[in-house]
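Ligands are counted one by one from 1 in listed order, and the atoms in each one are counted from 1 as well.
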Amino acid sequence: MTIGSAQYSAIDLFAGAGGLSLGAGRAGLRVVAAAEFDADALATFAGLHADDSPELLEGDINRRSFERFHGEVDVVIGGPPCQPYSHGGLRMGVTDSRDGIPAFIRAVEEIRPKAFLMENVPGLAVGSARKVLDQTVAAMRELGYVVEHRVLRAADFGVSQRRQRLFIQGVLDGLPHWPRPTHGEGTQSPWVAAASLLDPINPIGEPNLSSVTYARTPDLRPSPWDGHLFNGGGRPINPDGLAPTLLASMGGNKTPWLDAAELVPAYHAHLRSGGKPHSGPVEGARRITVQEAALLQGFPVETEWFGRRSSQYRQIGNAVPVALAAAAVQGLVTAVSVQNDSVAA
Ligand SMILES: C[S@@+](CC[C@H](N)C(=O)[O-])C[C@H]1O[C@@H](n2cnc3c(N)ncnc32)[C@H](O)[C@@H]1O
């Protein structure tokens, strides 16, 4: 998938287990360095990228200078955490040490890459968080980049999940470029159904024994797969549809589950027709394993996940789905290639 003969180099900031980097590799980037402070995530990252042996920068990005990468890497990619609401909104957001956006901007300033791609939650574009997005875009423009942002739907790129992600793309001498959906309406391929990846009867990997129980006061929606018919944040997965967005807090009752006894639509119909809520455990329900969550995010099935199980689920829930990452980075690579061609002409 490399565009032309160029292979651009990249540094991944807030690299996690490396969903974004895996996608970047598929889009033709050579990830030469990754910065991350979680040792488990970095160990998983190292295993996934053993072939290119990127430099692993373990530690707090807020305390690290990136000056030495100036002129050494072509693009900066990364998914900084953003907690703009944590202690009273924007003012605390930009000074909150858990907010990685200021460090990402500083790294771009120090490295001055040809282009950058920053990934974040779609919520950054709405409500009071919008100010953080606008300030980020303005800061990047001050640095001389042409900047655009877009929310992309993972399902439009072949990921069987409802996940959406916001991407900010900046190009130094050229224009941002965005990928066209490959799946769903207006394309040749339908969205990928969860059933094509997951088998409710036969788990892949160690079973997750966290139980699923009926909610005492169900919240009914038109679809059996929405609303709140069961306890916990982990929703049932519609085998014919998309899995819910996988959260970093999966592991316990926030882990989505499979309905092996196929009772969810019938139970929903029972409630809609005025039936009484059930109680106790849901027969045949089983929560997805680490390996199944990883499959939904597009990680190779043989991936070795480091750390305790909660850490493994967190690394997966934090990741950019690989196919979405590949599509978004492909856009960036196209933007940089066009920029290079016009400089050469
Ligand atoms: C949203 S996740 C990134 C996921 C990654 N892009 C992927 O696709 O797999 C954010 C990551 O930033 C890391 N992180 C947060 N604050 C950090 C800091 N100050 N220094 C280094 N890493 C940090 C977290 O441990 C987490 O793995």
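- Ligand 1 does not have G100 within reach: every non-hydrogen atom of the residue lies 4.0 Å or more from it.
- Against a heavy-atom cut-off of under 4.0 Å, L20 is close to the following atoms of ligand 1: 6 (N), 7 (C), 8 (O).
- No more than 12 heavy atoms of other residues, nucleotides or ligands shown are found within 6.0 angstrom of CD on E109.
- The heavy atom nearest to atom 4 (C) of ligand 1, considering only I77, N62, N318, is found in N318.
- Inclusion of P81 in the set of residues having an N or O under 3.5 Å from an N or O of ligand 1 is not warranted.
- At a 4.0 Å heavy-atom cut-off, ligand 1 touches A15 through the backbone alone.
- For G205 against Q291, the heavy-atom pair with the smallest separation is CA-OE1, 3.6 Å.
- For the pair A319 and ligand 1, the shortest N or O to N or O distance does not fall below 3.5 Å.
- At least one heavy atom of G59 sits closer than 4.0 Å to an atom of ligand 1.
- E72 approaches S9 most closely through the heavy-atom pair O-OG, 3.5 Å.
- At distances below 3.5 Å, at least one donor-acceptor pair connects side-chain atoms of R130 with backbone N or O atoms of A125.
- Within the listing of ligand 1, atoms 18 (C), 19 (N), 20 (N) sit less than 4.0 angstrom from a heavy atom of D60.
- For E55, the CD atom is densely surrounded, since the number of other residues' heavy atoms within 6.0 Å is greater than 12.
- Nearest heavy atom pair, residue V192 against residue G158, reads CG2-O, 3.6 Å.
- When non-hydrogen atoms are compared, ligand 1 lies under 4.0 Å from the backbone of A17 (N, CA, C, O) but not from its side chain.
- Close contacts of ligand 1 with G16, meaning ligand atoms under 4.0 Å from a residue heavy atom, involve 27 (O).
- Between G18 and ligand 1 there is a heavy-atom distance shorter than 4.0 Å.
- Between the side chains of R235 and H228, at least one donor-acceptor pair of N or O atoms lies under 3.5 Å.
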Evaluate the criterion side chain to side chain contact (heavy atoms under 4.5 Å, CB included) for residue pair V320 and F167; output intermediate values, then yes/no.
-> CA-CA 11 Å; V320 184; F167 291 89; 4.1 Å; yes

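- The two residues L143 and I105 come nearest to each other via the heavy atoms CD1-O, 4.0 Å.
- Of the candidates F37, F14, F45, the one placing a heavy atom closest to atom 3 (C) of ligand 1 is F14.
- An N or O contact shorter than 3.5 Å is missing between Q315 and ligand 1 by distance.
- Residue D38 has at least one heavy-atom neighbour below 4.0 Å for each of these atoms of ligand 1: 25 (O).
- The distance from ligand 1 to the heavy atoms of G79 drops below 4.0 Å at these ligand atoms: 1 (C), 3 (C), 10 (C).
- Within the 3.5 Å criterion, the main-chain N or O of T255 finds a donor-acceptor partner in the side chain of R287.
- The N/O atoms of V320, backbone and side chain alike, include one that comes under 3.5 Å of an N/O atom in ligand 1.
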